[in-house]
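Some notes on the structure that comes next.
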Amino acid sequence: MIRRAGRVGGPGRAVVLFLTALLPLLAGAGQAQAAGYRYWSFWDLDGDRWTYATQGPSVARPADGDVQGFRFAVSEESDDSAQPRGAADFAGICAKTPAKDGSKRVALVIDFGTAEDAPSGETPPANRTACARVAPDASTAEALASVAEPLRYDNSALLCAIAGYPERGCGEQVSGTGTESGTGASAPGKETEGGSEKTGSPDSSDSSASGESGDDGGPSLGLFAGVAVVALLGAAAFWQVRRRG
């Protein structure tokens, strides 16, 4: 006997309608889970383009004539981090800082980011450039400290604030809407001769390992929705078997 495909009715129709209504909820739950980190990223100017620094500022030793940048923003990954904006020309930035024997000059571009990326209640200062004249073996962190104090670091050497901005927070995780969803995020380390040093890009895996996941620790809405879908599909399959039997 050949069965013709017909209109789904009864319990089957109810399952289909429920799943149809649930799909937007699942999509919304996935979007709600998207999050980034609010932090200072560190950049090197390579020719006429910015490249994400491979060493942290306290390890990097720029050469005379180098241009380096910092940008405060909310980003999910280092690959999508916002780059410093504005002029990035050594000759222009250091035009009023003459060379001096026994020192080097490093041009710094400091981008305090946008109001959208600022912590609640804070306003980003105007972007600035500076020419740091420092000792030949000085690190980027030392060059930065000479022109943009006060700097603030956490106990993992993550750069938290430049020129006092922001006043609080350090690499905190924020939700897709820009609101804080947790603190204590740490940055991935770059191996150096002295061990591991932070580059400024927080990593969610590190915070999870330390037990600071950035939420309340309970199951997410997406988990409950997924369990519900599995249960409904199982019930639908059982009903179809019963019907054909």
Side-chain angles (χ1 to χ4, degrees), residues 38-75 78 81-119 122-154 156-171 187 189-190 192-194 196-202:
R38 182 184 287 120
Y39 66 98
W40 280 101
S41 57
F42 174 38
W43 301 81
D44 292 314
L45 190 67
D46 183 8
D48 59 354
R49 65 186 184 91
W50 289 110
T51 60
Y52 202 83
T54 58
Q55 292 181 309
S58 63
V59 171
R61 294 288 191 275
D64 181 71
D66 280 354
V67 180
Q68 298 183 308
F70 294 86
R71 171 70 188 266
F72 188 76
V74 174
S75 304
S78 60
S81 294
Q83 298 180 3
R85 300 166 295 172
D89 175 66
F90 177 82
I93 294 174
C94 288
K96 296 182 180 180
T97 306
K100 186 178 180 180
D101 291 342
S103 65
K104 66 182 177 183
R105 293 178 297 165
V106 180
L108 298 172
V109 178
I110 305 172
D111 187 338
F112 292 90
T114 64
E116 289 75 16
D117 287 340
E122 297 197 49
T123 301
N127 298 341
R128 68 174 75 169
T129 60
C131 184
R133 189 167 57 194
V134 290
D137 62 346
S139 67
T140 302
E142 291 171 319
L144 184 63
S146 72
V147 297
E149 287 188 326
L151 305 182
R152 177 166 58 87
Y153 294 88
D154 72 358
S156 298
L158 178 65
L159 179 61
C160 304
I162 297 176
Y165 181 81
E167 295 181 359
R168 62 188 183 282
C170 192
K190 294 292 182 183
T192 67
E193 292 181 0
S196 177
E197 200 259 346
K198 304 302 182 183
T199 63
S201 174

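As the structure is a prediction and not an experimental result, all values here were calculated from the model.
Here CZ of R71 is found 4.0 Å from CZ of R85. Values are rounded to the nearest 0.5 Å. Between the CG atom of D117 and the OG atom of S75 there is a distance of 7.0 Å, given to the nearest 0.5 Å. Taken to the nearest 0.5 Å, the CZ atom of R152 stands 9.0 Å off from the CG atom of L159. For the atom pair OH of Y52 and CD of Q83, the computed distance is 11.5 Å after rounding to the nearest 0.5 Å. Expressed to the nearest 0.5 Å, how far CG of D111 lies from OG of S41 amounts to 8.5 Å. Rounded to the nearest 0.5 Å, atoms SG (C131) and CZ (R105) are 5.5 Å apart.
A 4.5 Å side-chain heavy-atom check between P57 and Q68 finds every atom pair outside the cut-off. Contact of the V106 side chain with the T140 side chain is not registered, since no non-hydrogen atoms from C-beta on lie closer than 4.5 Å. Side-chain contact between D44 and D66 is absent, with no heavy-atom pair separated by less than 4.5 Å. A 4.5 Å side-chain heavy-atom check between E122 and E167 finds at least one atom pair inside the cut-off. The side-chain heavy atoms of T129 and L108, taken from C-beta on, include no pair separated by under 4.5 Å. A heavy-atom distance below 4.5 Å is found between the side chains of P98 and R133.
Formation of a donor-acceptor pair under 3.5 Å by the R38 side chain with backbone atoms of C170 is not found in this model. With hydrogens and angles disregarded, a donor-acceptor distance shorter than 3.5 Å links the side chain of S103 to the backbone of K100. With K104 contributing its side chain and P62 its backbone, the two residues share a donor-acceptor pair below 3.5 Å. The closest donor-acceptor contact from the side chain of D46 to the backbone of R49 lies at 3.5 Å or more, if one exists at all.
The shortest non-hydrogen separation linking P84 to V109 is CB-CG1, 4.1 Å. The shortest heavy-atom contact between N127 and G113 is OD1-N, 4.1 Å. Across every non-hydrogen atom of S139 and S58, the tightest pair is CB-O, 3.8 Å. Between W40 and P166 the shortest heavy-atom distance is NE1-CD, 3.8 Å. A148 and I162 make their closest contact through CB-CG2, 3.7 Å (heavy atoms, listed as atom of the first residue, atom of the second, distance). Between W50 and G69, the shortest heavy-atom contact is CZ3-N, 3.4 Å.
Note: F72 and Y165 meet the aromatic proximity criterion, with ring centroids under 6.0 Å apart. In this structure, F42 has its ring center closer than 6.0 angstrom to the ring center of F70.
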Inset, instruction - Show your reasoning for whether side-chain contact (heavy atoms from CB on, under 4.5 Å) applies to E142 and V134. - result: CA-CA 8 Å; E142 291 171 319; V134 290; 5.5 Å; no

Inset, instruction - Determine, step by step, whether S81 and Y39 satisfy the side-chain hydrogen bond (donor to acceptor under 3.5 Å, both in side chains) criterion, reporting the C-alpha distance in whole Å, the side-chain angles of both residues, the deciding distance to 0.1 Å, and the verdict. - result: CA-CA 10 Å; S81 294; Y39 66 98; 2.7 Å; yes

